[in-house]
S.K.: 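Got a structure for you, questions after.
We use all heavy atoms of the structure for the numbers below, so side chains are in, but hydrogens, waters and symmetry mates are not. Each chain gets a letter, A, B and so on, in the order its sequence line appears, and its residues count up from 1. No experiment lies behind these values; they were computed from the predicted model shown.
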Protein chains: 2
Amino acid sequence: MSDLLERLRGRGWRLTSQRRVVAEVLDGEHVHLTADEVHARAVSVLPEISRATVYNTLGEMVSLGEVMEVATDGRAKRYDPNARHAHQHLICSGCGSIRDVHPQGDLIAALPAGERFGFVISGAEVTYRGLCPDCS
Amino acid sequence: MSDLLERLRGRGWRLTSQRRVVAEVLDGEHVHLTADEVHARAVSVLPEISRATVYNTLGEMVSLGEVMEVATDGRAKRYDPNARHAHQHLICSGCGSIRDVHPQGDLIAALPAGERFGFVISGAEVTYRGLCPDCS
DNA sequence: ATCCTAGCTTGGACTTTGTCTAAGTCAACA
DNA sequence: TGTTGACTTAGACAAAGTCCAAGCTAGGAT
Ligand SMILES: [Mn+2]
Ligand SMILES: [Mn+2]
Ligand SMILES: [Zn+2]
Ligand SMILES: [Zn+2]
């Protein structure tokens with residue numbers, strides 16, 4: 001069983017074939033899939049799985065902190081199983097491919113007190129944009 | 001006439017009442033409105049303006065670099081007339097309010113060569129999250 | 001001043017992405 | 001093996017945005 005499923009079971013989850021398949025789709029490679037892409041891959045293994053269940057399962061994994069939601073454009077959100085290692089994203093403006101990146105320095109510290117407007121800052125996300133080798 | 005309209009006319013735009021109203025909605029205060037919010041304000045001045053025209057006009061302004069699209073969550077994009085001064089955004093996780101912020105340092109330089117995967121980097125956007133004084 | 005026409009606007013159909021619900025199913029525990 | 005509450009399903013619904021054919025008009029030409 002995958003690490004992800006193991007952790008989910010440890011949190012009291014009922015282990016259904018649907019959840020197993022969604023976890024397997026996310027667990028394999030290092031991916032940034034939309035909900036419908038996850039559904040398409042899940043269907044090829046478990047043809048009767050519904051879109052609603054994929055959305056539910058992804059949402060639950062996000063709530064549990066096991067999966068990260070990545071919303072970079074105005075299109076579909078992407079689901080990232082690499083939630084336990086803080087990282088940022090680099091996106092090709094040509095083909096949309098996404099890479100994980102790890103910028104140096106402390107993003108939050110880069111925001112001066114005079115620019116915080118009394119907010120309690122909890123996090124920061126960066127999206128780098130550019131052209132990948134194939135597109136440039 | 002607003003600065004924004006002046007610049008648009010200089011680019012050969014036909015100056016219709018619809019475009020005038022959309023420009024006025026964005027030009028007044030320093031705002032981050034959704035397309036439907038722009039439409040609602042526009043309708044109060046020009047009741048027959050259509051949603052399609054608001055979307056078209058906003059899209060054209062973005063193409064011309066006069067307005068910036070801000071897509072921070074999976075919800076509606078926001079349109080930002082402050083496109084000519086580079087800045088980032090700080091968003092309240094409680095009420096969704098948005099402030100412009102100016103972090104120190106060079107974001108792009110913070111990405112080491114070994115983390116660029118051969119991409120030609122063209123830009124970077126940061127979204128800071130936190131709780132505003134009212135929500136914390 | 002009036003005409004012409006390419007460019008603009010419109011309402012509504014359509015698409016994409018996501019949420020919700022009522023009815024049926026089943027994993028896990030006794 | 002039976003019970004039951006959690007889970008899944010199909011499909012209706014909603015929000016955000018795109019597209020189109022038909023009609024209108026800003027602004028240059030006459
Ligand atoms: Mn990632
Ligand atoms: Mn802004
Ligand atoms: Zn590319
Ligand atoms: Zn707030």
Side-chain angles (χ1 to χ4, degrees), chain A residues 1 5-6 8-25 32-64 66-80 96, chain B residues 1 5-6 8-25 32-64 66-80 96:
Chain A
M1 182 187 307
L5 269 183
E6 196 66 51
L8 294 173
R9 199 175 59 163
R11 292 180 190 262
W13 263 30
R14 207 135 106 180
L15 220 19
T16 65
S17 53
Q18 291 84 354
R19 287 172 168 177
R20 213 183 302 267
V21 168
V22 170
E24 271 161 21
V25 166
H32 300 93
L33 298 173
T34 65
D36 271 342
E37 287 166 352
V38 171
H39 182 238
R41 297 193 185 197
V43 158
S44 74
V45 177
L46 190 67
E48 68 275 23
I49 191 172
S50 70
R51 271 180 7 108
T53 292
V54 170
Y55 274 103
N56 288 342
T57 304
L58 291 172
E60 289 156 358
M61 288 173 172
V62 169
S63 296
L64 294 175
E66 298 290 351
V67 166
M68 181 190 294
E69 245 172 18
V70 183
T72 47
D73 48 4
R75 309 293 312 284
K77 288 178 198 158
R78 295 187 170 270
Y79 291 88
D80 184 343
Chain B
M1 182 187 306
L5 268 184
E6 197 66 51
L8 294 173
R9 200 175 58 163
R11 293 181 191 261
W13 263 32
R14 217 193 248 190
L15 219 21
T16 66
S17 53
Q18 291 85 353
R19 286 172 170 178
R20 212 183 301 268
V21 167
V22 170
E24 272 161 20
V25 166
H32 300 92
L33 299 173
T34 65
D36 272 342
E37 286 165 353
V38 171
H39 182 238
R41 297 193 185 197
V43 158
S44 74
V45 177
L46 189 68
E48 68 275 24
I49 190 172
S50 70
R51 276 186 357 115
T53 292
V54 170
Y55 275 104
N56 288 342
T57 304
L58 291 172
E60 290 156 358
M61 288 173 174
V62 169
S63 297
L64 295 174
E66 297 290 350
V67 166
M68 180 191 294
E69 244 171 17
V70 183
T72 47
D73 48 4
R75 310 295 310 283
K77 290 178 196 157
R78 296 187 168 270
Y79 291 87
D80 185 343

S.K.: To the nearest angstrom, how far is B:Arg20 atom CZ from D:dA26 atom C1'?
M.R.: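 After rounding, the gap between these two atoms is 10 Å.
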
S.K.: What integer distance in Å separates B:Leu8:CG from D:dA26:P?
M.R.: 17 Å

S.K.: Assuming nearest nucleotide by heavy-atom distance, tell me which of A:Ser50 and B:Tyr79 is located more 5' along DNA chain D.
M.R.: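 Nearest-nucleotide comparison on DNA chain D picks A:Ser50.
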
S.K.: Going 5' to 3' along DNA chain C, which nucleotides are the first and last within contact of chain B (any atom under 4.0 Å from a heavy atom)?
M.R.: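 Nucleotide range with atoms under 4.0 Å of chain B: C:dA6 to C:dG11.
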
S.K.: Search all heavy atoms of A:Gly74 against all heavy atoms of B:Lys77 and return the closest pair with its distance.
M.R.: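 Heavy atoms of A:Gly74 and B:Lys77 come nearest at CA-CE, 3.8 Å.
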
S.K.: Test of understanding: with side-chain contact (heavy atoms from CB on, under 4.5 Å), list the residues that count as partners of B:Val62, not counting sequence neighbours.
M.R.: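 Result, side-chain contact (heavy atoms from CB on, under 4.5 Å) vs B:Val62: B:Val67, B:Glu69, B:Tyr79.
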
S.K.: Please check the phosphate of D:dA16 (OP1 and OP2 only) for any side-chain N or O of B:Thr34 closer than 4.0 Å.
M.R.: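 Looking at the OP1 and OP2 atoms of D:dA16, neither is under 4.0 Å from any side-chain N or O of B:Thr34.
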
S.K.: If you find the nucleotide of DNA chain C closest to B:Glu60 and the one closest to B:Gly74, which residue's nucleotide is nearer the 5' end?
M.R.: B:Glu60

S.K.: What contact category does A:Ala76 fall into here, base, sugar-phosphate, or nothing, at under 4.0 angstrom with non-hydrogen atoms?
M.R.: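 Touches sugar-phosphate only.
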
S.K.: Let me know the distance between NE2 of B:His39 and P of D:dG17, rounded to the nearest Å.
M.R.: 14 Å

S.K.: Under the 3.5 angstrom rule, does the side chain of B:Arg19 hit a backbone N or O of B:Arg14 as a donor-acceptor pair?
M.R.: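 Judged by distance alone, yes, a pair lies under 3.5 Å.
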
S.K.: Under 4.0 Å between any heavy atoms, over every strand shown, what does A:Arg51 touch: base, sugar-phosphate, or nothing? Just pick one.
M.R.: base

S.K.: Without decimals, in angstroms, what is the distance between B:Trp13 CH2 and D:dT25 P?
M.R.: 19 Å

S.K.: Can you tell me how far C1' of D:dA6 sits from CZ of A:Arg11, to the nearest Å?
M.R.: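 Rounded to whole Å, this separation is 18 Å.
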
S.K.: Classify B:Thr16 by what it touches in the nucleic acid, base, sugar-phosphate, or nothing, heavy-atom distance under 4.0 Å.
M.R.: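 Sugar-phosphate contact only.
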
S.K.: Nearest heavy-atom pair of A:His32 and A:Glu37: which atoms, and what distance?
M.R.: O-OE1, 4.2 Å

S.K.: Should A:Val22 and A:Gln18 count as side-chain neighbours, where that means a heavy-atom distance under 4.5 Å?
M.R.: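 No. Closest side-chain heavy atoms not under 4.5 Å.
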
S.K.: Counting only N and O atoms by type, is there a donor-acceptor contact under 3.5 Å from the side chain of A:Arg51 to the main-chain atoms of A:His39?
M.R.: no

S.K.: Shortest non-hydrogen contact from B:Ala42 to B:Val25?
M.R.: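 It is N-CG2, 4.0 Å.
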
S.K.: Starting at CD of A:Glu48 and ending at C1' of D:dG11, how long is that distance when rounded to a whole Å?
M.R.: 17 Å

S.K.: In whole angstroms, how far is the C1' atom of D:dA15 from the CZ atom of B:Arg78?
M.R.: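 Rounded to whole Å, this separation is 14 Å.
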
S.K.: DNA chain D: B:Ala35 or B:Arg14, which has the more 5' nearest nucleotide?
M.R.: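 The 5'-side residue here is B:Ala35.
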
S.K.: Let me test you: for the helix from C:dA1-D:dT30 to C:dA30-D:dT1, what is the angle between the axes at its two ends (five pairs each), rounded to 10 degrees?
M.R.: 20°

S.K.: Are any non-hydrogen side-chain atoms of B:Arg20 and B:Leu46 less than 4.5 angstrom apart?
M.R.: no

S.K.: Please give, in whole Å, the distance from D:dA12 P to A:Tyr55 OH?
M.R.: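 Distance check: A:Tyr55 OH to D:dA12 P gives 18 Å.
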
S.K.: Could you report the tightest heavy-atom contact between B:Ala35 and B:Val54, atom names first, then the distance?
M.R.: O-CG1, 3.7 Å

S.K.: If you look at every heavy atom in A:Asp73 and A:Ala76, which pair is closest and at what distance?
M.R.: OD1-O, 4.4 Å

